[in-house]
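As structure tokens, the structure follows; a few thoughts come after it.
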Amino acid sequence: MTKRPGFPARLPRAAPAQPVRRPVAAPVGSLAPSGLGLDSQAVRARMVQKIAAQGIVDARVLAAMQAVERHRFVDSALVNQAYEDTSLPIGLGQTISKPSVVARMIELLLGSRAAASGRLGRVLEVGTGCGYQAAVLSQVASEVYSIERLRGLHDRARDNLRAFRLANVHLLFGDGMAGFAQGAPYAGIIAAAGGEAVPATWTDQLAEGGRIVAPMVMPDQRQALVVIEKAAGRLSQTVLESVHFVPLKSGIA
Ligand code: SAH
């Protein structure tokens with residue numbers, strides 16, 4: 001059995017966490033499988049500066065984006081584009097999310113009451129893809145459960161992440177529409193694929209004070225980022241900006 005972190009037993013009942021407004025720190029250390037990370041630090045630091053310029057202020061998010069070497073998650077032919085703010089193909093018709101969108105969604109996740117103490121508890125990611133966002137999440141959460149419905153990508157993510165030795169990332173193969181009950185309740189649930197609605201299993205598996213951050217197809221057929229919060233057992237939903245994610249699909253393949 002995985003040892004469960006103390007969440008949500010010791011949640012402070014303080015005001016919602018406010019992002020710390022600090023200038024972007026100079027890059028420190030990277031989450032590199034070997035000692036080879038230094039050469040990409042500077043280019044990653046520029047990516048982080050651009051993300052900060054777009055309004056991401058949470059120092060935890062910026063540090064995590066600086067730490068994870070995105071170029072290790074894309075095809076060798078695409079490595080020179082790895083630090084551009086763009087989604088890139090990862091095979092099987094799927095894409096690695098744009099860095100600025102990864103940062104935005106994780107900042108929203110960390111804005112919950114459940115993250116007030118600094119680090120999130122358990123997080124569920126739906127749509128592992130190549131494993132990049134799972135690695136970023138591993139820097140801000142105590143445990144990351146990441147589920148992927150395509151066997152080929154699940155295997156690829158495992159290969160990509162192996163060398164990082166992230167003991168708090170748990171890769172699962174299955175249909176994320178059902179969530180992952182064994183890890184529940186989650187302080188945060190983040191989806192990298194958008195459906196017509198957020199499945200009830202996700203809200204059921206969300207901890208008190210936690211947040212779901214997910215793309216959702218709106219009645220006008222456009223996708224928007226949605227934040228769902230659970231407070232005093234009640235759910236509230238906020239619709240934010242338009243986004244473009246691959247569709248949330250049911251079943252495995
Ligand atoms: N998190 C990735 C993004 C992957 S793209 C990153 O770091 O860049 C979204 C992924 O969601 C795709 O791999 C797709 O196969 C997966 N997906 C779609 N519907 C799903 C479902 N019901 N359960 C699990 N994964 C799903």
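When a ligand or atom number is given, it counts from 1 through the structure's own listing order. Just the heavy atoms: all of them, side chains too, but no hydrogens, waters or symmetry mates, feed the values below.
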Practice prompt. Answer yes or no: is there an ion pair linking Arg211 with Glu229, defined by an N-O contact shorter than 4.0 Å?
Written response: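 Yes, charged N to carboxylate O under 4.0 Å.
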Worksheet entry | Salt bridge Asp155-Arg158, side-chain N to carboxylate O under 4.0 Å |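 Looking at Asp155 and Arg158, the cut-off is met.
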Item to complete: Compile the protein residues with any heavy atom at a distance under 4.0 Å from an atom of ligand 1; present them by chain, then by number.
Response: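 These residues qualify: Gln94, Thr95, Ile96, Ser97, Glu125, Val126, Gly127, Thr128, Gly129, Tyr132, Gln133, Ile147, Glu148, Arg149, Leu150, Leu153, Gly174, Asp175, Gly176, Met177, Ala192, Ala193, Val246, Pro247, Leu248, Lys249.
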Practice prompt. Report yes or no: does Glu148 contribute a side-chain atom to a donor-acceptor pair with the main-chain N or O of Gly129 at less than 3.5 Å?
Written response: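 Yes, the answer is positive, given that a donor and an acceptor are paired below the 3.5 Å cut-off.
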Worksheet item: Does Arg151 make a cation-pi contact with Phe173 (under 6.0 Å, within 45 degrees of the axis)?
Response: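 Yes, Arg151 sits over the ring of Phe173.
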Item to complete: Report yes or no: do Tyr83 and Arg44 form a side-chain donor-acceptor pair below 3.5 Å?
Response: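 Indeed, the side chains of Tyr83 and Arg44 share at least one donor-acceptor pair under 3.5 Å.
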Worksheet item: Looking at residues at least two apart in the chain, or sitting in another chain, which of them share a side-chain contact (heavy atoms from CB on, under 4.5 Å) with Leu240?
Response: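 So Leu240 forms a side-chain contact (heavy atoms from CB on, under 4.5 Å) with Arg104, Leu108, Leu225, Val227, Thr238.
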